[in-house]
Protein chains: 2
Amino acid sequence: MLSYTEENYLKTIYHLSENGSKDVTTNGIADAVNTKPASVSDMLKKLAQKSLIDYIKYQGVTLTDEGRVKALKIIRKHRLWEVFLVNKLSFNWDEVHDVAEELEHIKSPLLIKRLDEFLGFPQFDPHGDPIPTEDGIINHKRSVPLHQMEIGMSGVVVGLNETASSFLQFLDKIGVYIGVKIKVLDKSSFDHSVEIEIDQTSKMMISNEVAKNLNISE
Amino acid sequence: MLSYTEENYLKTIYHLSENGSKDVTTNGIADAVNTKPASVSDMLKKLAQKSLIDYIKYQGVTLTDEGRVKALKIIRKHRLWEVFLVNKLSFNWDEVHDVAEELEHIKSPLLIKRLDEFLGFPQFDPHGDPIPTEDGIINHKRSVPLHQMEIGMSGVVVGLNETASSFLQFLDKIGVYIGVKIKVLDKSSFDHSVEIEIDQTSKMMISNEVAKNLNISE
DNA sequence: AAAATATTTTAGACTACTCTAAATTAAACC
DNA sequence: GGTTTAATTTAGAGTAGTCTAAAATATTTT
Ligand SMILES: [Mn+2]
Ligand SMILES: [Mn+2]
Ligand SMILES: [Mn+2]
Ligand SMILES: [Mn+2]
């Protein structure tokens, strides 16, 4: 049985190894779980002990198969709860993360089975992230960050690389959400900002920083 | 901010002071929270420190007003989640307690507000227990344990004094649930078992032990 | 390749909660 | 009222997780 804390470390290690293609470092984990590197070292020993990670001192960490499955189960719960909060309790998509961070630790397989059913077996969470299956299979959609698209190309927003409230609220304001159609009208070679057409109607200028965090598919 | 553990102690103290009219003892609490009396003594000091309880060594404990409100907020959450599990996720009434025991500690006022709304502002949980309001007002229904009713009297099951799965499943089997009408047909002076009519149709003999745990109102 | 710097680990200590064993106080018995 | 028993509290110690400061190792710079 994993503790609340162990679960958070595992999940964090998973996320860090997915995102950056670099290896997962002690400082990186410390940063993500909001502790000091010394504490992380201790925890890494514990997780290695339980063979949830492969860990060699001074070199990075990788999840074992067992660790990966455990991490994905927590992520599954996190994302299902987010769907619940948004679809059933009408939370905004920028309000769900912290609550889901707690709810993901509730230990009841039946609860998650029934919740999944109740929500109609959703495939994606409110931020466009895929919901892993019970046995840890996750459906990575192929997508491109908006700033890498060519002028004239178009596609659909399928995911985000940033979940900060300020970012989500900004997207709300400009009418961008998961599933909306985006066309690249122009790209400034000066500051790399991007001019886009949203939903075949409104035109907008967005910064490169914003463009980087919008994943487009099709 | 209260810890998970502190919340469980508070809630337990509340329940112990409601039920038995006797005072709340260290051993009683230890029994209820599944720890040793020594640990309880420590915690009582802590809760007294935070002025959530009045505590004098070797004499019992009582909740302060602040402590009572805190306890009722947890109980409110517990019971709302139970309603959710039964009404929305089709849990049986004997399956909800342990999960609610975890869910009650999720810290989000908005979540509870929305959940309450989503459930249609229920007044009672699946076991017939009243759901306290946000500001800690609880509606104690007047009721009598079935074994105290006179022959010929009838009423409606409004609550239970026992939540063990085995008891709830037994009630399922004999067709007793919250809201069902019961009439007392006879009482044995030998073993104090009670003959009842359920729902104006089936007749049953139930033990005194069972009768004690069914609260009837009218 | 040596020196300087950054990263990571260890050592030692702290908090929250728990336990067993011993000491204290209260309650029950005679 | 004094003795026995039961309830409660204290003392001392353990686990999980955290921290700071110091030591060890790796990386970068010159
Ligand atoms: Mn979490
Ligand atoms: Mn999400
Ligand atoms: Mn609880
Ligand atoms: Mn209940």
Side-chain angles (χ1 to χ4, degrees), chain A residues 1-13 16-17 19-63 67 70-71 74 101-102 104-107, chain B residues 1-13 16-17 19-63 67 70-71 74 101-102 104-107:
Chain A
M1 187 95 311
L2 295 178
S3 75
Y4 191 102
T5 311
E6 289 170 327
E7 290 192 344
N8 279 337
Y9 273 91
L10 270 191
K11 200 182 52 151
T12 297
I13 294 169
L16 290 175
S17 56
N19 295 352
S21 47
K22 327 151 198 175
D23 50 345
V24 180
T25 69
T26 301
N27 277 350
I29 298 170
D31 214 59
V33 300
N34 221 16
T35 53
K36 303 292 159 176
S39 310
V40 174
S41 284
D42 280 351
M43 180 56 87
L44 293 184
K45 273 184 229 150
K46 253 182 77 180
L47 294 175
Q49 184 63 36
K50 298 192 177 187
S51 57
L52 297 167
I53 59 174
D54 289 317
Y55 169 54
I56 309 167
K57 270 207 262 184
Y58 290 104
Q59 297 168 227
V61 196
T62 52
L63 291 171
K70 290 261 162 67
I74 304 159
E101 205 59 43
E102 290 188 55
E104 71 190 0
H105 301 289
I106 303 288
K107 293 188 171 10
Chain B
M1 187 98 309
L2 295 177
S3 73
Y4 192 103
T5 312
E6 288 170 327
E7 289 191 346
N8 279 336
Y9 272 91
L10 269 191
K11 200 183 53 153
T12 298
I13 294 168
L16 290 175
S17 57
N19 296 352
S21 48
K22 327 149 197 176
D23 49 346
V24 180
T25 69
T26 300
N27 276 350
I29 298 170
D31 214 57
V33 300
N34 221 16
T35 51
K36 303 290 158 177
S39 309
V40 174
S41 283
D42 280 352
M43 181 56 88
L44 293 184
K45 273 184 229 151
K46 252 182 76 180
L47 294 175
Q49 184 63 35
K50 298 192 177 188
S51 57
L52 298 167
I53 60 173
D54 290 317
Y55 169 54
I56 309 166
K57 270 206 262 183
Y58 290 105
Q59 296 167 230
V61 196
T62 52
L63 291 171
K70 290 263 162 68
I74 305 159
E101 204 59 42
E102 291 187 55
E104 72 190 359
H105 301 288
I106 304 288
K107 292 187 172 12

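Note that this is a predicted model, so its numbers are computed, not measured.
- Other residues, nucleotides and ligands place no more than 12 heavy atoms under 6.0 Å from the NZ atom of Lys36(A).
- Counting non-hydrogen atoms under 4.0 angstrom, Ser41(B) reaches a base of the nucleic acid.
- Spacing between atom CG of Asn8(A) and atom P of dA16(D) amounts to 17 Å, rounded to whole angstrom units.
- Between the CG atom of Asp31(A) and the C1' atom of dT8(C) there is a distance of 15 Å, rounded to whole Å.
- Note on Tyr55(B): only backbone sugar-phosphate atoms sit closer than 4.0 angstrom, heavy atoms only; bases stay farther off.
- Of the charged side-chain nitrogens involved, none lies within less than 4.0 Å of a carboxylate oxygen, so that Lys70(A) and Glu6(A) do not count as a salt-bridged pair.
- The side chain of Thr25(A) contributes no N or O atom lying less than 4.0 Å from OP1 or OP2 of dT7(C).
- The nearest whole Å value for the distance from the NZ atom in Lys36(B) to the C1' atom in dG14(D) is 16 Å.
- For Asp42(B), the listed nucleotide lying nearest its side chain is dC19(C); candidates were dT8(C), dC19(C), dT20(D).
- Each of Pro37(B) and Pro37(A) has a nearest nucleotide on DNA chain D; the 5'-most of these lies closest to Pro37(B).
- Exactly one of Leu52(B), Ile53(B), Leu2(B), Val40(B) qualifies for a side chain to side chain contact (heavy atoms under 4.5 Å, CB included) with Tyr9(B). That residue is Val40(B).
- Between dT18(C) and Ser39(B), no contact under 4.0 Å exists linking OP1 or OP2 to a side-chain N or O.
- Separating the CD1 atom of Ile29(B) from the P atom of dT8(D) is a distance of 9 Å, rounded to the nearest angstrom.
- Thr5(B) comes within 4.0 angstrom of the backbone, heavy atoms only, and of no base.
- Atom CD1 in Ile56(B) sits about 15 Å away from atom C1' in dT25(C), given to the nearest Å.
- The phosphate of dT10(D) (OP1 or OP2) has a side-chain N or O of Lys45(B) nearer than 4.0 angstrom.
- Of the two residues near DNA chain D, Gln59(A) and Met43(A), the one whose nearest nucleotide lies more 5' is Met43(A).
- Rounded to whole Å, the distance from CE on Met1(B) to C1' on dA16(C) is 16 Å.
- For Lys57(B) and dT24(C), the shortest distance from a side-chain N or O to OP1 or OP2 is not below 4.0 Å.
- Atoms CG (Asp23(B)) and C1' (dA7(D)) sit 12 Å apart, rounded to a whole Å.
- A close approach under 4.0 Å does not occur between any side-chain nitrogen or oxygen of Asn27(B) and OP1 or OP2 of dA6(D).
- At a threshold of 4.5 Å between non-hydrogen side-chain atoms, the residues Leu44(B) and Ile13(B) count as touching.
- A donor-acceptor contact under 3.5 Å is not formed by the side chain of Tyr58(A) with the base of dT7(C).
- Of the side-chain N and O atoms in Tyr9(B), none sit less than 4.0 angstrom from OP1 or OP2 of dA16(C).
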